[in-house]
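Worksheet for the structure shown next.
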Amino acid sequence: MTIEEIINKTVMLMVFQSDGLDAAGIKEKKFYAKVVGRDSIGLWIENPKLETTRVRDDKGTLIPPDKRQHEEHLAYVLVPWGNIRSVVHFPDREGFDTIEDEEVKSIGGGLYL
C-alpha cells in the first residue's frame, strides 16, 4: 500500500493535535475524510461543507452581527505530515471509498471570514 493508492478514497485520519487546524474545520483527533492529494508538506483532504460566516461585505464594510449569514463551501485542507499520527484505509469495506452513499457533512465547525 502506498499513499498514492488512497487518493480519492475515504480514510480515517488520526492527528496528534488539532490545534492550528481548527480554522479549516478540523476539531477532532480522529475523523473520516476523502484524500484529494499529497505533497511534500502533507495530505490534502476534502471538507465538503466548511461553514464560514462573512463579517465584511465586498466593499470591506463590517456586516452587523444580526445580518451575518452562515455559508457552506467545498474546501481542500492541507494536514501537515507532522500532525498526522496514522491513516487507516478500509479496502474491503464496500461503499466506503466514496462519500456518495453517506450524508455529506462538515468535518468540523464553522469559522468567521
Side-chain angles (χ1 to χ4, degrees):
M1 181 99 223
T2 66
I3 219 67
E4 282 77 22
E5 294 176 73
I6 64 166
I7 305 291
N8 293 316
K9 308 282 188 198
T10 299
V11 300
M12 179 172 58
L13 279 176
M14 289 177 266
V15 295
F16 284 109
Q17 58 190 7
S18 60
D19 296 346
L21 299 173
D22 290 3
I26 299 172
K27 303 208 184 292
E28 303 87 15
K29 290 187 178 184
K30 180 176 81 172
F31 57 93
Y32 293 89
K34 179 180 176 183
V35 177
V36 294
R38 71 159 191 95
D39 62 23
S40 61
I41 299 170
L43 214 61
W44 286 92
I45 62 170
E46 179 179 279
N47 187 342
K49 290 187 176 184
L50 181 65
E51 295 177 13
T52 62
T53 304
R54 294 186 116 197
V55 295
R56 295 189 182 270
D57 64 18
D58 292 337
K59 295 179 182 177
T61 306
L62 279 173
I63 300 169
D66 61 329
K67 300 214 188 244
R68 296 175 185 170
Q69 296 182 4
H70 293 285
E71 301 173 353
E72 290 182 347
H73 303 278
L74 169 66
Y76 297 139
V77 179
L78 177 66
V79 181
W81 292 119
N83 285 81
I84 298 173
R85 173 175 281 183
S86 186
V87 178
V88 181
H89 179 243
F90 301 91
D92 295 333
R93 189 170 171 188
E94 293 214 16
F96 192 70
D97 282 344
T98 61
I99 223 160
E100 296 168 6
D101 296 335
E102 300 177 19
E103 179 184 340
V104 175
K105 56 187 171 186
S106 170
I107 290 175
L111 63 130
Y112 290 88
L113 296 176

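Taking the side-chain contact (heavy atoms from CB on, under 4.5 Å) definition, one finds that Gln69 meets it with nothing, sequence neighbours left out. For Glu5, the side-chain hydrogen bond (donor to acceptor under 3.5 Å, both in side chains) criterion is met by Thr2, not counting sequence neighbours. Partners of Ser40 by side-chain contact (heavy atoms from CB on, under 4.5 Å), not counting sequence neighbours: none found. Legend: residues meeting side-chain contact (heavy atoms from CB on, under 4.5 Å) with Asp57, ordered by chain and number and at least two apart, are Lys59, Thr61, Ile63. With sequence neighbours left out, the salt bridge (charged side-chain N to carboxylate O under 4.0 Å, His left out) criterion links Asp58 to Arg54. Under the rule for a side-chain contact (heavy atoms from CB on, under 4.5 Å), the partners of Pro65 that lie at least two apart in sequence or sit in another chain are Arg68.
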task = In sequence, state the C-alpha distance, the side-chain angles, and the governing distance for Arg85 and Val15, and then conclude on side-chain contact (heavy atoms from CB on, under 4.5 Å).
result = CA-CA 5 Å; Arg85 173 175 281 183; Val15 295; 5.9 Å; no
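Ile26 and Asp22 get closest at one heavy-atom pair: O-OD1, 3.2 Å. The two atoms that bring Ala75 and Leu50 nearest to each other are CB-CD2, 3.8 Å, heavy atoms only. In terms of heavy atoms, Ile3 sits closest to Arg38 at CG2-CD, 2.7 Å. Here the closest non-hydrogen pair linking Asn47 and Ala24 is ND2-O, 3.3 Å.
In this structure, Met14 is not a member of the same hydrophobic cluster as Phe16, with clusters built from ILVMFWY side-chain heavy atoms closer than 4.5 Å.
Atoms CE and NE2, on Met1 and His89 in that order, are 5.0 Å from each other to the nearest 0.5 Å. Thr10 contributes atom OG1, which lies 8.5 Å from atom CD of Glu46 (distance to the nearest 0.5 angstrom). To the nearest 0.5 Å, atoms CD1 (Ile6) and CD1 (Ile45) are separated by 10.5 Å. For the atom pair CG (Leu13) and NZ (Lys34), the distance works out to 14.0 Å, reported to the nearest 0.5 Å. Rounding to the nearest 0.5 Å gives a distance of 11.0 Å between OG of Ser86 and NZ of Lys30. Summarising the geometry, atom NE2 belonging to His70 is positioned 7.0 Å from atom CD belonging to Glu51; distances are rounded to the nearest 0.5 Å.
The other residues sharing a hydrophobic cluster with Tyr76 are Val36, Ile41, Trp44, Leu74, Leu78, where clustering joins ILVMFWY side chains under 4.5 Å apart.
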